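Data first, discussion second: the structure below is written as structure tokens.
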Number of protein chains: 2
Amino acid sequence: MGKVPVFSSLSGQNLASVAALIRRREYPKGEILFAEGDRLDDLVIVNAGSVKAYTIAPDGREQILYVFSEGDFFGERNLFDGRTAPYTLQALEEVKTCAFSREDFRALIADHPDIALAVMEALQTRIARMENALRSIGVRSVDARVSALMLEFAEKYGKPVPEGVLIRLPLSREGMANYLGIARETVSRKLGQLEAEGVIRSISGKSLLILDREALRQSAGVLS
Amino acid sequence: MGKVPVFSSLSGQNLASVAALIRRREYPKGEILFAEGDRLDDLVIVNAGSVKAYTIAPDGREQILYVFSEGDFFGERNLFDGRTAPYTLQALEEVKTCAFSREDFRALIADHPDIALAVMEALQTRIARMENALRSIGVRSVDARVSALMLEFAEKYGKPVPEGVLIRLPLSREGMANYLGIARETVSRKLGQLEAEGVIRSISGKSLLILDREALRQSAGVLS
DNA sequence: CCTGATTTTTGATTTAAATCACAGCCTTTC
DNA sequence: GAAAGGCTGTGATTTAAATCAAAAATCAGG
């Protein structure tokens, strides 16, 4: 429990009192935790596994907004106004969560200003990531966005190995396409291109190896 | 001062003590408040006027990330890690600001949990807006994005008049293009199209009238 | 109020990525 | 372990928006 960043400031005794407030749950792969519009009063922290957050556009397209994994949380909007899930949350693999009620969490913040700061910091990190995403839209080249996604995955899911960084992809090609807002075929093509350039190496459908991180950084920066 | 949402919870006496901490400044139109990378230790609140926040991509493109106006703040990242401006901030018109040092603001939060909540709420609102922006990327049609921008402006800068909502645009066509990450010419064309459809009416270069808000909402939602 | 300069609009052409179409792969399941 | 189904890769074609190129409109300042 202490590994959740938001509570890292708590001492053992306080941790125990916090632990009394939480409700734990588990979900099998593919299960919908909450559908867009469902009532959602809690702040939910992901303890294990990963969750995709998406909306379905009226034309049927799925737009993935986040991939939450260990240590991430959602439902923070419920601390204030909204009381419904702003997007559908679905388990990408077996997932364990713990949840606080709105009231408990607000009380917790009032008692422990450090937690408020930690939550603000987490929100801030999220904003910084989204700012980056918006930046790379301006640089509207798809190459750049695919490279940026590889870097994001490397950071979140990568394991260093002698030749580079090994990534177990949390999303399928189609999932990546829906995350980036581009076509499935384009993801294939761009990934193929990166492999041809020796920047990555495909291990299996779901794993790949990053060989040249610097090249990714450069291409994520600009590129025509 | 009390009109700044972040401090709305403070009573008169507390307000006075807060007021003692702030440093006020004014900037003429066009002035750069902070350049990307500049040291920035403060949390800065915009009291009057509007400010654009942008970065220059390596290919020379300007990508506008935010247009801050009365009641908005920036520099919140400095409460935690960063201590430099993550983007350039430039006055779009005469601007008045007030600033707190990192230390003062952290102390303030410790004393007044309500302020922490208010800041979290403001961050949360920002995230919600960015989520919308990301959503409309998936729906990658440019029409949708232009419509969404008109709605955003209507909400932030619009004044109701008998025929509809009158907007004094804070950005030029080029500015809007840099905000949306599309070409200047495309903004012209799409705006012209909206006018031809009777959805908006151009008053002068810098003002326009929204006649059919519902049509905008619909087109911002999807549209092929 | 006129002049020059910047911004904006409009049209023609190019281009990157979407879409369409289909073949080969890899699972997953019975 | 074989068949069915969904995923993925590749080529051909279409399309929306970028770019290029002027012309028109707006604005600022004298």
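Since the model is a prediction, treat every value here as computed from it, not as a measurement. Per chain, numbering begins at 1; letters A, B, ... match sequence-line order.
Residue B:D143 has its side chain nearest to D:dA17 when only C:dA18, D:dA17, D:dA18 are considered. The side chain of B:S141 approaches D:dA17 more closely than any other nucleotide in the set D:dA17, D:dA18, D:dT8. With C:dT9, D:dG9, D:dA18 as the candidates, the nucleotide lying closest to the side chain of A:S188 is D:dG9.
Donor-acceptor pairing under 3.5 Å is recorded for the side chains of B:Y66 and A:E131. Side-chain atoms of B:S147 and B:S219 include a donor-acceptor pair closer than 3.5 Å. Counted by atom type alone, A:Y157 and A:E152 present zero donor-acceptor pairs between their side chains at under 3.5 Å.
Looking at A:M120 and B:L79, their side chains come closer than 4.5 Å, going by heavy atoms from C-beta outward. Looking at B:L166 and B:V161, their side chains come closer than 4.5 Å, going by heavy atoms from C-beta outward.
Between B:R173 atom CZ and D:dA17 atom P the separation is 18 Å, expressed in whole Å. We find that CD1 of B:I182 is positioned 11 Å from P of D:dT19, with the value rounded to whole Å. For B:E174 and C:dT9, the CD to C1' distance is 14 Å, given to the nearest whole Å. In this structure, B:E185 places its CD atom 13 Å from C1' of C:dT13, rounding to the nearest Å. For A:L171 and D:dC7, the CG to P distance is 13 Å, given to the nearest whole Å.
When each of A:L92, A:V44, A:L33, A:L89 is paired with A:F68, the side-chain contact (heavy atoms from CB on, under 4.5 Å) condition holds for A:L89 and for no other.
To the nearest 0.5 Å, the span separating OG1 on A:T88 from CZ on A:F34 amounts to 11.5 Å.
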Just the atom pairs and distances: protein N or O near nucleotides 23-30 of chain C's N or O, under 3.5 Å.
none

Ignoring hydrogens and angles, write down the donor-acceptor pairs under 3.5 Å from the side chains of residues 180-207 of chain A, residues two or more places apart or on other chains.
from: A:Q193; atom 1: NE2; to: A:D143; atom 2: OD2; distance (Å): 3.2
from: A:E195; atom 1: OE2; to: A:S202; atom 2: N; distance (Å): 3.1
from: A:S204; atom 1: OG; to: A:K206; atom 2: N; distance (Å): 3.3

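Salt bridge present: A:E62 and A:K52 bring a charged side-chain N and a carboxylate O closer than 4.0 Å.
Neither OP1 nor OP2 of D:dC7 sits under 4.0 Å from any side-chain N or O of A:R184. When the side-chain nitrogen and oxygen atoms of B:R61 are compared with OP1 and OP2 of D:dT19, one or more of them lie within a distance under 4.0 Å.
Residues from residues 189-200 of chain B lying near DNA chain D, meaning a heavy-atom separation below 4.0 Å, are B:R189, B:K190 in numerical order.
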